[in-house]
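Keep in mind the model is a prediction, meaning the values are calculated, not measured. We count ligands from 1, going down the list as the structure has it; atoms in each ligand are counted the same way.
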Amino acid sequence: MVDLIQYAAQVKPSERQVAVQEMEFYSFIHFTINTYTDKEWGHGDEDPAIFNPVEFDADQWVDSCRDAGMKGLILTCKHHDGFCLWPSQYTEHSVKNSPWKNGQGDIVQEVADACRKGGIKFGVYLSPWDRHEQTYGDSPKYNEYFMNQLRELLTNYGDIFCVWFDGACGEGPNGKRQVYDWDAYYSLIRELQPNAVTNVCGPDIRWCGNEAGVCRESEWSVVPVSLRSNESIQEKSQQVDDGEFAKRYDSTDRDLGSREIIRHERELVWYPAEVNTSIRPGWFYHASEDDKVKSLEELLHVYYGSVGGNATFLLNLPPDQRGLIHENDRARLRELGDYIRNTFRTNLAEGATAQASQTMDGHDVNCIFDGNPDNYWCPEEGTEQVTIEVDLHAEIEFNHVVLQEHRYSQRIEKFELEYEQDGEWKPLWSGTVVGYKRICRFDNVTSRFIRLKITESRWCPTISAFEVYRG
Ligand code: FUL
């Protein structure tokens with residue numbers, strides 16, 4: 001067990017995974033022919049003539065994302081119906097046969113350019129399932145078609161931060177089932193966009209397991225390797241050679257990385273969660289949902305659970321038939337962004353000092369206040385329980401504490417926060433995983449001293465940031 005825990009403590013993220021975790025919050029844009037048919041899943045036989053977003057304005061999409069504090073945008077370049085938002089040379093089923101800009105337009109290009117201009121990153125969603133393409137189900141032929149489209153998207157539109165592969169899959173028109181050549185897709189992505197992560201049906205970022213924005217209390221970064229297998233959904237368990245039972249996990253399992261889970265495993269991987277949900281009930285725009293935009297409270301609940309719970313937040317925005325983000329969604333995004341900006345504007349722990357029950361040489365505990373993610377405190381190796389006492393140097397009223405582990409490992413399993421009042425320590429918050437970021441939100445308290453007790457951790461915990469806010 002000790003060896004296993006040391007091993008788990010040393011599993012590290014790739015730079016591309018770290019980069020996405022640091023983005024924290026980004027948007028999904030579901031926009032295609034479905035926007036004009038009022039459907040969620042198109043059949044693939046829709047006429048491109050109905051696609052005509054006369055007021056399309058990519059800058060308005062990007063501004064809406066920026067208002068909310070998002071750092072990137074992932075566009076459905078092709079959804080399950082097969083209609084391409086760029087003039088792919090491999091199909092006629094695209095914007096080039098639509099009336100929009102007389103068939104001369106390219107939505108992907110305009111959105112990629114707007115992202116670059118607006119200083120946010122651009123990512124692509126390309127549905128492997130394609131209900132239009134005739135070769136679908138004839139596996140080698142369709143794989144070639146899909147690779148060609150992927151190549152177009154990854155070469156013609158500048159830097160791509162993410163390729164999002166959906167798990168949804170259906171039968172081909174000929175009744176055959178398509179066998180996707182995932183490895184070939186992944187190699188192509190690594191070759192053409194080495195900094196891009198591949199999400200969901202991909203090795204870098206895992207699906208949180210639901211589309212409702214429900215977040216786990218413990219979102220582990222280090223999980224069993226079987227979670228990265230695209231077959232894991234079909235086949236949940238298997239016998240391994242020596243007869244020992246190794247469970248195969250999928251993204252919907254409740255516990256994906258506690259000691260209880262990993263102790264049966266031989267191979268662990270860094271595979272952090274992304275929480276994807278839509279600002280409205282549907283992924284695509286439906287006028288009937290104009291009054292069903294999620295409330296500020298609902299969105300904040302998902303934000304605290306995901307960004308504040310060691311996951312990223314992918315919030316879907318569905319542009320309408322004009323090609324604009326609807327006024328109601330825009331207003332909510334601005335409200336959300338204002339709330340987040342106001343809450344986290346002033347770190348009340350700047351200038352605080354701390355004492356730790358133990359410190360490894362070279363990792364002075366006061367670096368947790370210096371705002372530098374490369375500096376971190378940790379105790380001697382093998383010390384799994386440790387306490388840090390923070391002195392704010394004045395009685396301060398606050399209602400948030402933000403903790404971060406050093407971004408290259410995930411070790412904390414259980415912790416408690418306490419504050420001092422009239423010479424006594426009182427409970428403030430208790431939690432499990434910290435990881436990239438844990439935001440602890442509670443009712444206002446006034447105190448000068450806060451104590452962090454790490455009661456369970458893997459080999460030796462690290463803390464790189466300790467921040468205090470009053471929202
Ligand atoms: C699902 C799809 O079937 C939905 O249409 C949507 O794109 C969602 C993000 O993923 O699997």
Side-chain angles (χ1 to χ4, degrees), residues 20 25-46 51 61 65 70 72-85 93 107-108 111 122-133 136 146 149-150 153 161-172 177-178 180 182 185 197-202 204-215 227 230-234 250-252 273-286 288-289 292-294 299 302 306 311-320 325 329:
V20 169
F25 184 26
Y26 40 91
S27 72
F28 226 170
I29 299 268
H30 273 66
F31 184 60
T32 191
I33 209 104
N34 294 345
T35 311
Y36 297 86
T37 57
D38 212 17
K39 288 206 178 77
E40 280 290 305
W41 281 7
H43 294 291
D45 57 0
E46 293 78 11
F51 184 84
W61 298 7
C65 295
M70 294 163 160
L73 179 163
I74 301 172
L75 174 66
T76 54
C77 300
K78 177 184 87 167
H79 201 252
H80 310 326
D81 54 80
F83 181 78
C84 298
L85 293 183
H93 200 51
I107 300 266
V108 178
V111 176
F122 177 62
V124 297
Y125 166 112
L126 185 68
S127 171
W129 184 27
D130 188 323
R131 305 178 90 178
H132 176 84
E133 172 55 29
Y136 187 87
F146 189 78
Q149 294 200 320
L150 196 52
L153 291 176
F161 86 94
C162 159
V163 180
W164 212 96
F165 285 147
D166 205 313
C169 172
E171 298 291 322
R177 206 167 176 88
Q178 173 69 31
Y180 300 119
W182 294 110
Y185 309 165
V197 283
T198 310
N199 301 25
V200 183
C201 284
D204 301 311
I205 307 285
R206 70 181 154 86
W207 183 43
C208 70
N210 69 84
E211 294 180 338
V214 179
C215 305
L227 254 177
N230 290 336
E231 286 85 50
S232 65
I233 291 167
Q234 281 100 43
D250 77 56
S251 323
T252 61
E274 177 185 76
V275 174
N276 66 316
T277 194
S278 185
I279 195 164
R280 293 165 173 238
W283 293 101
F284 288 94
Y285 179 81
H286 309 286
S288 59
E289 295 179 353
K292 296 200 173 66
V293 175
K294 284 193 170 78
L299 292 174
V302 185
S306 54
T312 52
F313 184 10
L314 173 60
L315 178 63
N316 181 63
L317 316 174
D320 59 19
I325 308 278
D329 309 55

Give me the residue, atom name and distance of the protein heavy atom closest to [atom].
atom	value
atom 7 (O) of ligand 1	H30 NE2, 2.7 Å
atom 9 (C) of ligand 1	F28 CE1, 3.6 Å
atom 10 (O) of ligand 1	D166 OD2, 3.0 Å

(message) Please tell me whether Y36 and F284 form a close aromatic pair, meaning their ring centres lie under 6.0 Å apart.
(response)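 No: the rings miss the under 6.0 Å criterion.
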(message) Main chain of G213, side chain of N210: is a donor-acceptor contact present, judged purely on distance under 3.5 Å?
(response)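 Checking the backbone N and O of G213 against the side chain of N210, a donor-acceptor pair under 3.5 Å is found.
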Ligand-residue contact atoms, ligand 1 with [X], heavy atoms, under 4.0 Å:
X	result
W41	2 (C), 3 (O), 4 (C), 5 (O)
A168	3 (O), 11 (O)
E211	1 (C), 8 (C), 10 (O), 11 (O)

For [X], is at least one N or O under 3.5 Å away from an N or O on ligand 1?
X	value
E40	no
W164	no
H79	yes

(message) Checking side-chain hydrogen bond (donor to acceptor under 3.5 Å, both in side chains) between W207 and each of N276, D166, D250, which is the one that passes?
(response)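 Result for side-chain hydrogen bond (donor to acceptor under 3.5 Å, both in side chains) with W207: N276.
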(message) Between H30 and T76, is there a side-chain donor-acceptor contact under 3.5 Å, judged purely by atom types and distance?
(response)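 No.
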